[in-house]
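One structure is given below, encoded as structure tokens.
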Amino acid sequence: MLTLPSHADAADASLDYWHYPTIAADVRSALDGVRQAIGVSLGAAALSNLVSTEPDVLDRLVLMLPAALTQPRPSASAAHVLEMSTAALNGDRARLRALVAADAPGGLDDYVNERTDALLRLGPALAAVATQIPVPDPMPLTHVTAEVLIVAATGDLLHPLETAQEAAVAFPKATMVQFDSPAPMVTHRRELRSLLSDFLGVPSAG
């Protein structure tokens, strides 16, 4: 398991860190022979960048809530990310929390608070990735040998469904599963755990 800089207990990243090839290089060094990987959001983009340069590095790949692939984010999504970045960079927790809450199902206050606290550290990352393209040339993705599972949300402005659908077409051995929730990692934990366990061949804890 790799924790990226500025996430959880990891140290804050340098301001020039937030470029997909740089993040992908960190992911590559952490694999250490592992042939399966799961990436969420930014991690999904970094793994996509990695397999575009090393198409046979993985046997199974899970892209959870991909936000961008070979195209820029949709304009509404990019604007939303930049608004979050501005709030985070200004230390405006109330504004950032309001933006996070607008994307989340009702009744998930703990999730909204945790997500807000996490994003407060990611202002530079949000500003950098809002308009970056993880894989500028889609052609290398056609050579990826891994089985790819794409997990999509419904109504999540940060992680547009269009991106998941694009990924489902871009990878030769891709399957997309869409959850009827903007936050399936919270609202559909059991179903998601079962899906991942089946795909990766790992016994589920239930």
Side-chain angles (χ1 to χ4, degrees), residues 1-4 7-8 20 23-24 27 30-31 34-52 55 57-74 76-77 80-81 84 100 103-105 108 111-112 114-115 118-119 122 125-126 129 132-135 138 141-142 144-206:
M1 178 176 179
L2 172 65
T3 301
L4 292 175
H7 289 72
Y20 288 119
I23 305 168
V27 173
L31 285 178
V34 173
R35 301 289 300 178
Q36 299 185 149
I38 301 173
V40 182
S41 189
L42 181 64
L47 282 166
S48 297
N49 180 279
L50 172 61
V51 297
S52 75
V57 70
L58 294 170
D59 296 327
R60 289 185 178 265
L61 169 62
V62 181
L63 302 178
M64 295 182 59
L65 310 181
L69 186 62
T70 69
Q71 302 290 328
R73 285 176 180 264
S77 179
H80 191 56
V81 174
M84 285 185 161
V100 173
D103 293 336
L108 296 178
Y111 164 77
V112 170
E114 291 172 6
R115 183 74 175 143
L119 289 174
L122 290 170
L126 293 169
V129 304
Q132 284 187 40
I133 301 174
V135 185
L141 297 181
T142 65
V144 173
T145 58
E147 299 281 349
V148 181
L149 173 64
I150 299 145
V151 177
T154 301
D156 180 359
L157 194 55
L158 279 180
H159 308 102
L161 177 60
E162 300 97 301
T163 301
Q165 292 169 332
E166 178 196 1
V169 174
F171 291 95
K173 301 178 183 178
T175 301
M176 189 186 88
V177 177
Q178 180 182 354
F179 287 92
D180 187 20
S181 167
M185 294 179 65
V186 180
T187 60
H188 291 73
R189 283 180 178 174
R190 179 169 297 181
E191 298 94 327
L192 188 53
R193 185 183 301 118
S194 177
L195 176 69
L196 296 180
S197 296
D198 289 345
F199 180 73
L200 297 173
V202 178
S204 174

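Worth saying up front: this structure is predicted, and the values here are computed from it rather than measured. Below, all heavy atoms of this structure are taken into account, side chains as well, without hydrogens, waters or symmetry copies.
Residues Leu58 and Leu47 form a side-chain contact, since some pair of their non-hydrogen atoms from C-beta on lies under 4.5 Å apart. The closest side-chain heavy-atom distance from Val40 to Val151 is not below 4.5 Å. The shortest distance between side-chain heavy atoms of Asn49 and Ile23 does not fall below 4.5 Å. With a 4.5 Å cut-off on side-chain heavy atoms, Pro160 and Asp156 do not count as touching. At a threshold of 4.5 Å between non-hydrogen side-chain atoms, the residues Leu161 and Met176 count as touching.
Judged as a salt bridge (charged side-chain N to carboxylate O under 4.0 Å, His left out), not a single pair has a partner in residues 172-187 (not counting sequence neighbours). Within the structure, every pair that satisfies the ring-ring contact (aromatic ring centres under 6.0 Å, His included) test and touches residues 146-193, not counting sequence neighbours, is listed here: Phe179-His188. Under the salt bridge (charged side-chain N to carboxylate O under 4.0 Å, His left out) criterion, the residue pairs touching residues 58-71 are Arg35-Asp59, with sequence neighbours excluded.
A distance-only check finds no donor-acceptor pair linking the side chain of Glu147 to the backbone of Ala174 [under 3.5 Å]. For Thr175 (side chain) and Ile150 (main-chain N/O), no donor-acceptor pair under 3.5 Å exists by modelled atom type. A donor-acceptor distance shorter than 3.5 angstrom exists from the side chain of Arg189 to the backbone of Met185, with no hydrogens or angles considered. The main-chain N or O of Ala44 is found under 3.5 Å from a side-chain atom of Ser48 such that the two form a donor-acceptor pair. A donor-acceptor pair is defined here as one N or O able to donate and one able to accept, closer than 3.5 Å; such a pair exists between the side chain of Arg73 and the backbone of Leu158.
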Chi angles and distances behind the side chain to side chain contact (heavy atoms under 4.5 Å, CB included) call for Val62, Val148: CA-CA 6 Å; Val62 181; Val148 181; over 6 Å; no

Side chain to side chain contact (heavy atoms under 4.5 Å, CB included) evaluation trace for Leu149 with Leu195: CA-CA 9 Å; Leu149 173 64; Leu195 176 69; 3.9 Å; yes

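A distance of 8.0 Å separates CG in Leu122 from CG in Leu42, rounded to the nearest 0.5 Å. The distance from atom CE of Met84 to atom CG of Leu126, rounded to the nearest 0.5 Å, is 7.5 Å. Atom CD of Gln36 is separated from atom CG of Leu196 by 11.0 Å, given to the nearest 0.5 angstrom. For the atom pair Thr70 OG1 and Ile133 CD1, the distance stands at 7.5 Å (nearest 0.5 Å). One finds the OG1 atom of Thr163 at 11.0 Å from the CG atom of Leu63 (value rounded to the nearest 0.5 Å).
Residues satisfying the side chain to side chain contact (heavy atoms under 4.5 Å, CB included) criterion with Ser52, sequence neighbours excluded, are Val135, Pro140, Leu141. Checked against side chain to side chain contact (heavy atoms under 4.5 Å, CB included), Pro105 has the following partners two or more places apart in sequence or in another chain: Leu108, Ser181, Pro182, Ala183, Thr187. Remark: Gln132 engages His19, Tyr20, Ala128 in a side chain to side chain contact (heavy atoms under 4.5 Å, CB included) (not counting sequence neighbours).
Residue Ala167 comes nearest to Leu69 through the heavy atom pair CA-CD2, 3.6 Å, listed as atom of the first residue, atom of the second, then distance.
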